[in-house]
Number of protein chains: 2
Amino acid sequence: MGRACSKYNDQDEFLYDPKLLENLDWAFVLQFLNPPITNEQPGEEWLLVRPLKLSDFDRGYLQILSQLTNVGNVSKANFESQFQKMRNTGGHYITVIEDTKINKIIGSASLITEFKFIHECALRGRLEDVVVNNTYRGKQLGKLIVLTVTLLSKKLGCYKMSLDCKDALIPYYKSLGYKSEPGNSNSMMNRFEKEDPS
Amino acid sequence: MGRACSKYNDQDEFLYDPKLLENLDWAFVLQFLNPPITNEQPGEEWLLVRPLKLSDFDRGYLQILSQLTNVGNVSKANFESQFQKMRNTGGHYITVIEDTKINKIIGSASLITEFKFIHECALRGRLEDVVVNNTYRGKQLGKLIVLTVTLLSKKLGCYKMSLDCKDALIPYYKSLGYKSEPGNSNSMMNRFEKEDPS
């Protein structure tokens, strides 16, 4: 904890309050990890799980995202502008793994929250944009980052958290406690890239 | 338009700027409606499509939502508090159909937007909580409210809009231009209602 606190001096840099990642309910997901690791004890002392920072543009954050999908041309100014929009809006809990030995971001997952009126003015969570650098395989870091934001959504009071995924990833997310609910597990899409879909 | 403008005097009441609903690109979805209707010409002069208002608690908004799922015990103070959270946050575009003859909300759909870094700092949309009063069937009002928020997401610059749905609703959303993308149309869920999922 001492090390983590010393990392948290620059509060203004964080996308969200890093204290939210303290004391997550890891007992809830203990069965999914072997050996057990947590965001506060990620298995290697040089790994740090924390909210995205404004300075992560210079730690290769966009390069990690580009392992997931097309990022395109995003300047430092674009990044900082979008970061501030997310922070001002709230509800964007992008959480990263930093390799502090090399000062690089090596993994990321996002929790996005939505206010509802249904279910007594509930909060709903969504998992988005999960990626871990391929060269760090075998350390359960994908599980670690997914479960960290899952437990964060639980701590924030979400009544449920959902995700969209490809067929090939269904077994992986099942292994982390996510379920395909019978008759209610479809995601559909409308894409606007082209002006005319025909 | 004159009638609509006269309805828009109480700007402070709206969840989002009602001007955003003007001049949506209905040509993009014309093939899905017969006869053609739009949010500005909804087929009956006593129907009004507009953003949710703070005063809609007294127009039966929660009763309409309860046709969709469990709403639970939400007081007027709870409603107003959640409404202000949504307005302050932004990204919550709840859009309703009012029957102005009886001063009641008879339909609703929500567009929720999310800021991304991927795809050149893109905006993503999601369709949530679609409901139309059963007694208004046969007027294409479900299509009207879904397409209204779909076109709103396009106007706001979303690169895509997605939805989660039950098996039985897949053909319906297909008829409105949404697609199940091969190999990538799964929604999975983690529910936290119970402390222990076992």
Side-chain angles (χ1 to χ4, degrees), chain A residues 28 61-62 65 68-74 78-79 81-82 85-86 89-92 112 114-121 126 128-129 150 153-154 158-170 173-174 177-181 183-193 195-197, chain B residues 28 61-62 65 68-74 78-79 81-82 85-86 89-92 112 114-121 126 128-129 150 153-154 158-170 173-174 177-181 183-193 195-197:
Chain A
F28 187 74
Y61 176 66
L62 296 181
L65 280 189
L68 180 69
T69 187
N70 177 45
V71 173
N73 192 11
V74 176
N78 296 149
F79 175 84
S81 166
Q82 194 77 342
K85 276 187 202 169
M86 290 176 180
T89 298
H92 292 69
I112 309 297
E114 173 199 346
F115 294 116
K116 296 280 198 189
F117 288 110
I118 59 173
H119 303 304
E120 301 196 329
C121 293
R126 291 187 183 272
E128 287 285 319
D129 300 336
T150 301
S153 80
K154 183 172 179 287
C158 290
Y159 77 108
K160 69 180 182 184
M161 182 159 174
S162 62
L163 61 87
D164 302 332
C165 73
K166 295 182 179 174
D167 293 356
L169 285 169
I170 292 177
Y173 286 112
K174 271 190 183 163
Y178 285 82
K179 294 181 175 67
S180 298
E181 299 188 339
N184 189 23
S185 58
N186 309 289
S187 169
M188 297 180 76
M189 199 68 75
N190 205 331
R191 293 185 183 270
F192 305 121
E193 289 105 329
E195 277 303 302
D196 183 348
Chain B
F28 187 75
Y61 175 65
L62 296 181
L65 281 189
L68 179 69
T69 186
N70 177 45
V71 175
N73 192 12
V74 176
N78 297 148
F79 175 84
S81 166
Q82 194 76 343
K85 276 188 202 169
M86 290 176 180
T89 299
H92 291 70
I112 309 298
E114 173 198 345
F115 294 116
K116 296 280 198 188
F117 288 110
I118 59 173
H119 304 304
E120 300 197 327
C121 295
R126 290 187 184 272
E128 287 284 321
D129 301 336
T150 301
S153 82
K154 183 171 180 287
C158 290
Y159 77 108
K160 68 181 183 184
M161 182 160 175
S162 62
L163 61 87
D164 301 333
C165 73
K166 296 183 177 173
D167 294 354
L169 286 169
I170 291 177
Y173 286 113
K174 272 190 183 163
Y178 285 82
K179 293 181 176 66
S180 299
E181 299 188 340
N184 189 22
S185 57
N186 308 290
S187 169
M188 297 180 75
M189 199 68 74
N190 207 330
R191 294 186 182 270
F192 305 121
E193 290 105 327
E195 276 305 299
D196 183 348

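Lettering of chains follows the sequences in order, A, B, ..., and the numbering in each one begins at 1.
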Counting only non-hydrogen atoms closer than 4.5 Å, does A:L163 touch chain B with its backbone (N, CA, C, O), its side chain (CB onward), both, or neither? both

How many angstroms lie between CG in A:N184 and NZ in B:K166, if you round to the nearest 0.5 Å? 5.5 Å

Donor-acceptor pair, side chain of B:Q82 and main chain of A:F115, under 3.5 angstrom: no

A:S162 and B:M188, any side-chain heavy atoms less than 4.5 Å apart: no

Is any NZ, NE, NH1 or NH2 atom of the basic residue among B:E114 and A:K85 found under 4.0 Å from an Asp or Glu carboxylate oxygen of the other? no

Residue among B:M189, B:K174, B:E120, B:K160 with most heavy-atom pairs under 4.5 Å to chain A: B:M189

Can you find a pair of side-chain heavy atoms, one from A:T150 and one from B:F192, that are under 4.5 Å apart? yes

Can you say whether the rings of A:Y61 and B:F117 are parallel (under 30°), tilted (30 to 60°) or perpendicular (over 60°)? perpendicular

Side chain from CB out, backbone as N, CA, C, O: work out which of these in A:T69 comes under 4.5 Å of a heavy atom of chain B, or both, or neither. side chain

CG-NZ distance between A:L65 and B:K116, expressed to the nearest 0.5 angstrom: 9.5 Å

Apply side-chain contact (heavy atoms from CB on, under 4.5 Å) to B:N78 and list each qualifying residue two or more places apart in sequence or on a separate chain. A:C121, B:V74, B:S75

Winner by heavy-atom pair count (cut-off under 4.5 Å) against chain B, out of A:C165, A:S153, A:G177: A:C165

Is chain B contacted by the side chain of A:I170, its backbone, both, or neither, given a heavy-atom distance below 4.5 Å? both

Under a 4.5 Å cutoff for heavy-atom pairs, which residue among B:L169, B:D129, B:L62 has the most contacts with chain A? B:D129

Please enumerate all residues that pass salt bridge (Lys or Arg N to Asp or Glu O under 4.0 Å) together with A:E181, with sequence neighbours excluded. B:R191

For A:D164, does its backbone N or O pair with a side-chain atom of B:N186 as donor and acceptor, under 3.5 Å? no

What part of A:H119 gets closer than 4.5 Å to chain B, counting heavy atoms only: side chain, backbone, both or neither? both

Given that the side chain runs from C-beta out, which part of A:S81 has a heavy atom under 4.5 Å from chain B: side chain, backbone, both or neither? neither

